[in-house]
Amino acid sequence: MVLVCHEHKFIYLKTTKTAGTSTEIALQPLCEEPGHPRLENWQIRVSKYGIVGARGKTAGLVRPKWQFWRKYAWRNHMPAKQVRANLGSKTFDSYTKIANVRNPFDRAVSDYHFRKHQQGLPSEDPQTEIAQFKEFIRSKAWGNNWEIVSINNKLIVDKFVRKENLQSDLKEIYRSFGLPEDSFELPHEKSMAERRKGIPVPDYFDADTIDIVRRRMTWVFEAGNYPEDPQD
């Protein structure tokens with residue numbers, strides 16, 4: 001979902017496969033009146049406190065609610081350009097933009113297994129998995145989240161939450177808002193660990209696929225100061 005908080009003047013842009021759901025749950029209470037019940041996946045809450053967008057990949061596509069969604073088009077993994085258009089340039093430009101990042105090599109492996117899981121495809125033996133993963137990377141049928149964090153090909157995020165430092169980065173964000181650093185809930189995140197079958201991340205890659213990830217995820221390596229080799 002996308003989040004907007006008017007009191008602390010921030011916008012949360014949700015990237016994919018970066019512990020975004022855990023982060024949005026930690027930040028969501030700042031965007032709505034205390035005590036509100038959890039929203040269903042297709043629901044949106046717009047109030048004087050802020051905006052809590054819809055969860056779920058089909059959010060906004062339910063035909064009977066089409067007019068509602070046209071008016072409040074706040075959905076999961078929205079591109080920054082659309083968030084700015086919906087919110088208005090004055091507010092968008094003046095608010096702090098927050099987004100998650102993750103080690104690009106680890107994210108690529110997670111994305112591969114997640115897509116197989118979505119398609120109902122079984123896990124294979126390690127050698128087959130690695131071969132299929134390399135084919136997946138070479139096909140470039142995977143996103144780099146650039147449209148979520150950029151406008152006119154320019155990065156617009158002010159603060160990054162790194163998946164590997166989730167709790168400490170969120171504590172720093174809460175401190176920057178003048179809030180107690182231990183006042184947020186951090187739930188367990190979704191994991192593809194079982195489908196990986198213990199295969200180390202570096203084992204998935206060869207020189208060619210390393211180069212592809214480096215080139216497609218340049219902005220992430222820079223934003224998160226990640227090493228450009230899966231062995232590091």
Side-chain angles (χ1 to χ4, degrees), residues 2 12-24 26 57 76-81 97-119 121 123-124 126 128-170 172-173 186 188-232:
V2 62
Y12 176 64
L13 301 166
K14 187 180 179 183
T15 53
T16 62
K17 306 309 299 172
T18 57
T21 299
S22 295
T23 301
E24 73 185 11
K57 65 179 181 178
N76 222 15
H77 308 305
M78 282 181 66
K81 184 177 180 179
K97 271 72 72 179
I98 302 170
N100 283 48
V101 289
R102 177 181 186 175
N103 182 295
F105 298 112
D106 185 52
R107 180 187 176 275
V109 174
S110 178
D111 195 7
Y112 160 74
H113 284 292
F114 179 71
R115 289 172 188 250
K116 283 192 65 175
H117 174 69
Q118 280 190 315
Q119 297 170 28
L121 300 175
S123 296
E124 307 286 354
T128 301
E129 285 288 4
I130 291 171
Q132 291 181 349
F133 171 78
K134 290 176 180 178
E135 182 179 347
F136 169 73
I137 294 298
R138 293 188 179 101
S139 74
K140 300 181 181 178
W142 48 282
N144 62 2
N145 285 319
W146 182 239
E147 73 282 357
I148 297 175
V149 300
S150 69
I151 295 177
N152 296 329
N153 209 34
K154 180 180 179 181
L155 184 67
I156 50 81
V157 175
D158 304 296
K159 293 185 179 182
F160 290 100
V161 177
R162 296 161 294 174
K163 178 186 180 293
E164 301 79 10
N165 301 81
L166 194 61
Q167 188 162 359
S168 61
D169 285 354
L170 282 170
E172 177 56 37
I173 286 174
L186 193 59
H188 293 293
E189 62 185 87
K190 296 171 285 187
S191 174
M192 290 288 111
E194 290 186 6
R195 295 182 67 88
R196 295 191 185 197
K197 294 185 175 181
I199 305 172
V201 169
D203 289 1
Y204 282 89
F205 292 90
D206 56 18
D208 182 39
T209 50
I210 288 173
D211 184 61
I212 292 171
V213 172
R214 284 174 180 166
R215 287 186 283 108
R216 294 204 75 199
M217 305 296 289
T218 298
W219 78 266
V220 181
F221 284 106
E222 295 175 354
N225 195 27
Y226 290 112
E228 294 192 5
D229 192 303
Q231 295 284 355
D232 297 336

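This chain uses plain numbering: 1 for the first residue, then up along the sequence. The structure displayed is predicted, hence computed values, not measured ones. The figures that follow rest on heavy atoms only: side chains count, while hydrogens, waters and symmetry mates do not.
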Distance-only check: which donor-acceptor pairs under 3.5 Å involve side-chain atoms of residues 222-230, not counting sequence neighbours?
| from | atom 1 | to | atom 2 | distance (Å) |
| --- | --- | --- | --- | --- |
| Tyr226 | OH | Glu164 | OE1 | 2.6 |
| Asp229 | OD1 | Gln231 | N | 2.8 |

For [X], salt bridge (Lys or Arg N to Asp or Glu O under 4.0 Å) partners two or more places apart:
{"X": "Lys97", "answer": "none"}
{"X": "Asp232", "answer": "none"}
{"X": "Glu172", "answer": "Arg175"}

Test item: Thr209 side-chain N/O and Phe205 main-chain N/O as donor-acceptor pair under 3.5 Å: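 Side chain of Thr209 to backbone of Phe205, a donor-acceptor pair under 3.5 Å: no, none is there.
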
Short side-chain to backbone donor-acceptor contact, Asn100 and Lys163, under 3.5 Å: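 Not a single qualifying donor-acceptor pair exists.
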
Nearest-0.5 Å distance that lies between atom OH in Tyr112 and atom NE2 in His117: 14.0 Å

Spatial distance of atom NZ (Lys140) from atom CD1 (Ile212) [nearest 0.5 Å]: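 Answer for the NZ-CD1 pair, Lys140 versus Ile212, is 6.0 Å.
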
Close side-chain approach of [X] to [Y], heavy-atom, < 4.5 Å:
{"X": "Val101", "Y": "Val157", "value": "no"}
{"X": "Val149", "Y": "Thr15", "value": "yes"}
{"X": "Val213", "Y": "Trp142", "value": "yes"}

Atom NZ of Lys81: over 12 foreign heavy atoms under 6.0 Å: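 Counting other residues, nucleotides and ligands, NZ of Lys81 stays at 12 neighbours or fewer.
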
Heavy atoms from other residues, nucleotides or ligands near CD of Glu124 exceed 12 (cutoff 6.0 Å):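 Check passes, neighbour count above 12.
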
Residue pairs, two or more places apart or on separate chains, that pass salt bridge (charged side-chain N to carboxylate O under 4.0 Å, His left out) and touch residues 105-119: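 Pairs touching residues 105-119 that pass the test: Arg102-Asp106, Asp106-Arg196, Asp111-Arg115, Lys116-Glu129.
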
Plane angle bin for Phe160 and Trp219 - parallel if under 30°, tilted between 30 and 60°, otherwise perpendicular: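 Answer is tilted, since the angle falls between 30° and 60°.
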
Closest heavy-atom pair and its distance - Thr218, Arg215: OG1-O, 3.2 Å

For Phe221, all residues meeting ring-ring contact (aromatic ring centres under 6.0 Å, His included), sequence neighbours excluded: Phe105

